[in-house]
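A quick write-up on the structure given underneath.
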Amino acid sequence: MKLDGVLDVSASDISDFCNNGCKSHTLDVLSCIQDVKRDFYFGTKQNVSFVKDAIINACAASQRYALNTNVTKDPNSATSLYGRLYVPLVSTLTTMAFIATFGV
């Protein structure tokens, strides 16, 4: 796993990952990151809790499948649109309030 946050474990390796120390070591590193910087986001736009939960759920399942945390949000999603409109809207309203208040 790198700073991009992608953890890709194949179905054939998932049992070794979960049972031979990789899982616990990875969770320890993620806990350390979370303790130092609570608002840390990986390159995939996922926070540390998402990656930790994905690992825990993948290893807790009775039928283990591959683990891949490479999930990115759609750049055209509604939250993305909201974020692009929010700042200009607040700026415009603030400017209008300033002009109305001071008569500039």
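Residues Ala66 and Ala11 approach most closely at CB-N, 3.6 Å, considering heavy atoms. Nearest heavy atom pair, residue Cys59 against residue Lys23, reads SG-CD, 3.6 Å.
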### Query
After noting the C-alpha distance and the side-chain angles of Asp28 and Ser31, does the key distance pass the side-chain hydrogen bond (donor to acceptor under 3.5 Å, both in side chains) rule?
CA-CA 5 Å; Asp28 288 343; Ser31 292; 5.5 Å; no
### Worked check of side-chain hydrogen bond (donor to acceptor under 3.5 Å, both in side chains) between Gln46 and Thr69
CA-CA 9 Å; Gln46 303 300 336; Thr69 59; over 6 Å; no
#### Entry: Worked check of side-chain contact (heavy atoms from CB on, under 4.5 Å) between Asp16 and Val9
CA-CA 10 Å; Asp16 287 336; Val9 182; over 6 Å; no
#### Entry: Verdict with supporting geometry, Thr26 and Phe17, side-chain contact (heavy atoms from CB on, under 4.5 Å)
CA-CA 10 Å; Thr26 305; Phe17 176 83; 3.9 Å; yes
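Ile55 has its side chain within reach of Leu30: a pair of non-hydrogen atoms, C-beta onward, lies under 4.5 Å apart.
Distance NE2/His25 to CG/Asn20: 14.0 Å, rounded to 0.5 Å. The CZ atom of Arg38 lies 11.5 Å from the CG atom of Asn47; values are rounded to the nearest 0.5 Å. A distance of 8.0 Å separates CD1 in Ile14 from OG in Ser10, rounded to the nearest 0.5 Å.
Clustering ILVMFWY residues whenever any of their side-chain heavy atoms sit less than 4.5 angstrom apart, transitively, puts Val51 in a cluster other than the one holding Val6. In the hydrophobic clustering of ILVMFWY residues, with side-chain heavy atoms under 4.5 Å counting as a link, Leu27 and Val29 come out together. Clustering ILVMFWY residues whenever any of their side-chain heavy atoms sit less than 4.5 angstrom apart, transitively, puts Phe50 in the very cluster that holds Leu67.
In this structure, Phe40 and Phe42 have perpendicular ring planes: the angle between them is above 60°, well past the 30° mark.
With hydrogens and angles disregarded, no donor-acceptor distance shorter than 3.5 Å links the side chain of Thr101 to the backbone of Phe98.
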